[in-house]
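Structure record follows, encoded as structure tokens.
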Amino acid sequence: MRIVVIGGTGFIGQAVLKEFLMTWGRELQATVVTRRKEGAELFPIWQRPFVWDVNESPPPPSLIDGVDAVINLAGETVAQRWTQSAKQRIRDSRVLTTRNLVESFRQAARPPKVLVNASAIGYYGDRGDEELTEDSPPGSGFLAEVCQLWEEEALKATEFGVRVVCARFGIVFGAGGGILERMMPMFEWGLGAKLGSGKQWMSWIHVNDAAGLILHAVTNEQIKGAMNVVSPNPVTNRDFTRALARAVGKPAFLATMLSIPTFILRMQMGEGAGALTASQKVLPKVAQATGYEFIHPDVEEALREVVHRRQLLSLALASTD
Ligand SMILES: NC(=O)c1ccc[n+]([C@@H]2O[C@H](COP(=O)([O-])OP(=O)(O)OC[C@H]3O[C@@H](n4cnc5c(N)ncnc54)[C@H](OP(=O)(O)O)[C@@H]3O)[C@@H](O)[C@H]2O)c1
């Protein structure tokens, strides 16, 4: 199994690479495309780094030629203040990277069998209590527009006979990255709180299931087009707040009473605050219809697992000091 992972240095990328290693072992040949020129010695021996900024230009077709799967997870973080230049980086790092990648497929003698390209449930916009599946129309707003452009670029690879899956990630929970890494310290200090009203739906997924679903999409030829990468049990922000407070052993009652007002979020993140309070009740219709079995379908259990893994990671780090 030969795979190329763009953005494979990131939070989801590392989990995906481990999932593939567990499945294929020594048969796996994994190339990680990274912009980082230094630190090649930090890559695990089984991940071959290839330094290229796909944002800037198409990677050489020889990199892609004959590989089984290309997984594109590159993207500037959205968890920052959305200035005009930040919005441009957020858009370009997704749309241009995908365009350049597909251009290299055009040039390759043997394009990959499948492209799994990241997207996000931001595609659906802010949709209240509506249940959303892959068949639902897109919403409005900056992220919804970026996701549509991102997916349009990825789907152009079908012209070269590539099966394309647009993985619409929900909020990914895991140790060592993602939203929880930022939120956890506040909850551990007993300062956890709802975001805004707390009534908004959060569609989440444990990082092990996110990686499991990418593997599922690569190996399951039935899957084409959009695939929601979310657990079957979305929760309101209030229920998430309660579950996270419990998972870190702090009073859940207090956390669900307190709330961070929307204007404070706006002061910190500008327009990006809307992404934190948007309501998206997204269901994994494609994953379930194609037989994917979730490892962590329950939010309380998933959060307890993340807290436990974070504790193990900090113990491991302390023992290497
Ligand atoms: N985590 C979530 O909850 C979540 C939710 C919805 C969607 N997603 C999407 O899933 C993908 C992976 O997420 P993640 O959490 O693993 O992100 P991450 O940890 O930030 O990793 C993303 C990778 O993209 C590359 N990258 C960062 N900024 C870039 C830029 N300006 N131009 C080109 N490449 C850039 C980096 O690789 P190098 O530095 O090695 O080049 C980085 O390792 C992203 O596209 C994200 O939008 C994630």
Side-chain angles (χ1 to χ4, degrees), residues 4-19 30-40 42-43 47-59 71-80 82 85-101 115-124 142-144 146-147 149-151 153-154 165-184 202-211 213-214 217 226-231 234 240 272 275-276 278 280 282 284 302 306:
V4 171
V5 188
I6 299 101
T9 51
F11 169 52
I12 301 176
Q14 284 297 302
V16 167
L17 282 154
K18 280 185 200 128
E19 186 75 20
T31 304
V32 176
V33 181
T34 175
R35 297 163 306 158
R36 305 176 197 183
K37 294 193 175 68
E38 278 150 34
L42 299 176
F43 277 79
Q47 293 177 19
R48 198 157 44 112
F50 183 86
V51 178
W52 195 273
D53 189 346
V54 187
N55 222 343
E56 295 290 327
S57 55
I71 300 163
N72 176 20
L73 299 165
E76 168 91 12
T77 182
V78 296
Q80 58 179 304
W82 287 9
S85 61
K87 281 169 79 175
Q88 185 158 0
R89 284 195 306 277
I90 290 170
R91 189 190 299 108
D92 289 355
S93 62
R94 291 171 172 78
V95 178
L96 298 186
T97 296
T98 307
R99 185 177 300 163
N100 284 333
L101 189 60
L115 165 66
V116 179
N117 210 68
S119 179
I121 59 166
Y123 176 91
Y124 301 109
F142 173 69
L143 282 186
V146 170
C147 290
L149 294 171
W150 200 5
E151 294 192 4
E153 294 296 339
V165 180
C166 297
R168 291 183 186 155
F169 290 105
I171 303 165
V172 183
F173 293 167
I179 194 174
L180 287 185
E181 209 47 40
R182 290 165 172 260
M183 295 182 88
M184 205 78 103
M202 290 175 65
S203 296
W204 61 276
I205 186 155
H206 189 286
V207 70
N208 293 349
D209 277 317
L213 268 169
I214 299 299
M227 176 183 75
N228 291 335
V229 183
V230 293
S231 87
F240 159 77
L276 291 175
Q280 291 157 331
V282 183
V306 177

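When a ligand or atom number is given, it counts from 1 through the structure's own listing order.
Rounding to the nearest 0.5 Å gives a distance of 12.5 Å between OH of Tyr123 and CD of Gln280. To the nearest 0.5 Å, atom CG of residue Asp92 and atom OG1 of residue Thr98 are 11.0 Å apart.
Here the protein heavy atom with the shortest distance to atom 15 (O) of ligand 1 is Phe11 CD2, 3.7 Å. Looking only at protein heavy atoms, the nearest one to atom 20 (O) of ligand 1 is Gly75 O, 4.3 Å. For atom 3 (O) of ligand 1, the closest heavy atom belonging to the protein is Val172 N, 2.9 Å. Ranking protein heavy atoms by distance to atom 38 (P) of ligand 1, first place goes to Thr9 OG1, 3.4 Å. For atom 46 (C) of ligand 1, the closest non-hydrogen atom on the protein side is Arg94 NH2, 3.7 Å. Of the protein's non-hydrogen atoms, the one nearest atom 5 (C) of ligand 1 is Gly170 O, 3.1 Å. Here the heavy atom of the protein found nearest to atom 21 (O) of ligand 1 is Gly10 CA, 3.4 Å. The protein non-hydrogen atom at the shortest distance from atom 31 (N) of ligand 1 is Glu76 OE1, 2.9 Å.
Ligand 1 places these atoms under 4.0 Å from at least one heavy atom of Ala120: 6 (C), 7 (C). Which parts of ligand 1 touch Ser119 is read off a 4.0 Å heavy-atom cut-off, strictly below it: atoms 7 (C). Within the listing of ligand 1, atoms 24 (O), 34 (N), 45 (O) sit less than 4.0 angstrom from a heavy atom of Ala74.
Between Thr97 and ligand 1, a contact under 3.5 Å exists for no N or O pair. At least one N or O atom of Thr34 sits closer than 3.5 Å to an N or O atom of ligand 1. At a 3.5 angstrom cut-off on N or O pairs, Val33 does not count as close to ligand 1. In terms of polar-atom proximity, Ile12 is counted as a contact of ligand 1, with an N or O under 3.5 Å from an N or O of the ligand.
You'll find the side chain of Asn117 stays beyond 4.5 Å of the side chain of Glu151, heavy atoms only. Two residues are said to be in side-chain contact when any heavy atoms from C-beta on lie closer than 4.5 Å; Ser57 and Trp52 meet this criterion. Thr9 is listed as a side-chain neighbour of Arg36, based on a closest heavy-atom distance under 4.5 Å. Contact of the Glu181 side chain with the Phe11 side chain is not registered, since no non-hydrogen atoms from C-beta on lie closer than 4.5 Å. At least one side-chain heavy atom of Leu101 sits under 4.5 Å from a side-chain heavy atom of Leu115. At least one side-chain heavy atom of Leu213 sits under 4.5 Å from a side-chain heavy atom of Ile205.
Aromatic pair Phe240/Trp204: centroids not less than 6.0 angstrom apart.
Between the side chains of Arg168 and Ser119, no donor-acceptor pair is found at a separation under 3.5 Å.
In this structure, Asn55 has a heavy atom closer than 4.0 Å to ligand 1. For Ala210, the closest heavy-atom approach to ligand 1 does not fall below 4.0 Å.
Across the listed options Phe173, Phe169, Trp52, Phe169 owns the non-hydrogen atom lying nearest to atom 7 (C) of ligand 1. Of all the listed residues (Arg35, Gln88, Glu56), Arg35 holds the heavy atom that lies closest to atom 29 (C) of ligand 1. When Val32, Leu73, Val229, Val54 are ranked by how near their heavy atoms come to atom 44 (C) of ligand 1, first place goes to Leu73.
No donor-acceptor pair under 3.5 Å is formed between the side chain of Asp53 and the backbone N or O of Arg35. Not one N or O on the side chain of Gln47 forms a donor-acceptor pair closer than 3.5 Å with the backbone of Thr31.
Put simply, atom 17 (O) of ligand 1 has no protein non-hydrogen atoms near it, under 4.0 Å away.
With Glu76 as the partner, the side chain to side chain donor-acceptor pair (under 3.5 Å) test is satisfied by one option alone out of Arg94, Arg89, Arg91: Arg89. Partner Phe169 forms a side chain to side chain contact (heavy atoms under 4.5 Å, CB included) with one of Val230, Leu73, Asn228 and no other, that one being Leu73.
By the criterion of a heavy-atom distance under 4.0 Å, the side chain of Trp150, and not its backbone, is placed next to ligand 1. Residue contacts with ligand 1, taken as heavy atom pairs separated by less than 4.0 Å, involve Arg36 solely via side-chain atoms from C-beta onward.
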